[in-house]
Amino acid sequence: MPKVVPATEASIADAVARLRRGAVVAFPTETVYGLGADTLSAAAVECVYRLKGRPRRNPLIAHVTGAGGPAGARGLAAKWDDRCDALAARFWPGPLTLVVPRAESVPPSATAGWPTIAVRAPDHPVAFALLEAFRGPISAPSANRSGGVSPTTSAHVTADFADVEDLLILDGGPCRVGIESTVLDLSRVPPVILRPGAVTAEALRAILGPVESAGSHAQAASPGTSPRHYAPRTPLELVAPKRLPARIASAEGTLALLVMSDLPDAPAGGALFVMPAEPAEYAARLYDTLRAADACGARLILVERPRQQDGLWAAIHDRLARAAAP
Ligand code: TXA
Ligand code: MG
């Protein structure tokens, strides 16, 4: 069984000792929980891939403190330009990951052999305290089994890794943002958003000028953005608001419904989840709700497609589309 502990000075010291001897530790960030290992230890990074069942070609994000400027990130990058400084000054610590050329000194294992490295400074007091105490970069994917729904509570991490002996999970409560960071590839001209997140395209363009959205072409540039990802095990269908009543009527078996509009009643034997109308709240609730919908025994999850498209909604649509991909 994993060991879940409240994040305290003592448990963070325990986590640091574990990281130093090449073990893996789960910790909270403002986006989702991460499964962390010492970036500079190939053996530790290998443990993350094995535990997660992650494809070996899919590189990891290195987490740094961002304290006192982007010094920690600069050390991992072969090239750190003015744009990086401007973005870090504006958005770090926060849910923005920058993909930049990897420094020679960083072991290729830290990026699955890719010539670039993804870095971000998480905006969470526990992640910050852990990084400060460890005094080095921590590579961490989301702390879920590969392809599944990302974890936004320590209970989600425990559920996914229930069979793992002695995994330390630092509990920092539910994640505030609730969906993974925006991944921005600065090694391309113009820069490309490989994964939309809470730092929106509009906010990035205000600093950088032209920025492209990789959309469906992202996969080649960022293997983690495969079409089916962030997905529950139960089949999930996205339904336009006006088609919802008819789709509910025609569905066979028990349903789990994620809706935004007023609906009659919970379907018989199924479960009804009313989602917030405000995008930050919708994002914060999304993965916990998908996990609950997945666990309620329904044959099908129907999700009412949110009407809005702009800002954070773009990232929400991205995750819903991936969850629905066959
Ligand atoms: O919010 C987050 O980013 C969370 C927390 C824990 O920080 N982490 C996270 O990691 O979502 P992960 O591994 O689940 O997703 C990282 C994404 C993947 O799509 C991966 O392919 C992409 O970032 N990525 C990592 N390094 C890359 C690189 N060098 N070039 C292009 N894409 C990269
Ligand atoms: Mg992930």
Are V303 and Y287 connected, step by step, through hydrophobic side chains (Ile, Leu, Val, Met, Phe, Trp, Tyr) whose heavy atoms are closer than 4.5 Å?
-> yes

Indicate if F128 and L170 have the same hydrophobic cluster label, given that clusters are the connected sets of ILVMFWY residues with side-chain heavy-atom separations under 4.5 angstrom.
->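 Shared cluster, no.
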
Are the side chain of [X] and the backbone of [Y] linked by a donor-acceptor contact shorter than 3.5 Å?
{"X": "T39", "Y": "S139", "answer": "yes"}
{"X": "R57", "Y": "G113", "answer": "no"}
{"X": "S11", "Y": "P6", "answer": "yes"}
{"X": "T234", "Y": "I301", "answer": "no"}
{"X": "R102", "Y": "T111", "answer": "no"}

Do R195 and T97 have side-chain atoms, one donor and one acceptor, less than 3.5 Å apart?
-> no

Rounded to the nearest 0.5 angstrom, the OG1-CG distance for T65 and L131 is 6.5 Å

Looking at E237 and R305, does any basic side-chain N land under 4.0 Å from a carboxylate oxygen?
->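 Between R305 and E237 there is no salt bridge, as every charged N stays at least 4.0 Å from the carboxylate O atoms.
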
Are R74 and D85 ion-paired here, with the side-chain N under 4.0 Å from a carboxylate O?
->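 Yes.
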
Identify the residue among H124, E180, R120 that makes a side chain to side chain donor-acceptor pair (under 3.5 Å) with T29.
-> R120

Would you indicate whether the side-chain heavy atoms of L184 and L208 approach each other to under 4.5 Å?
-> yes

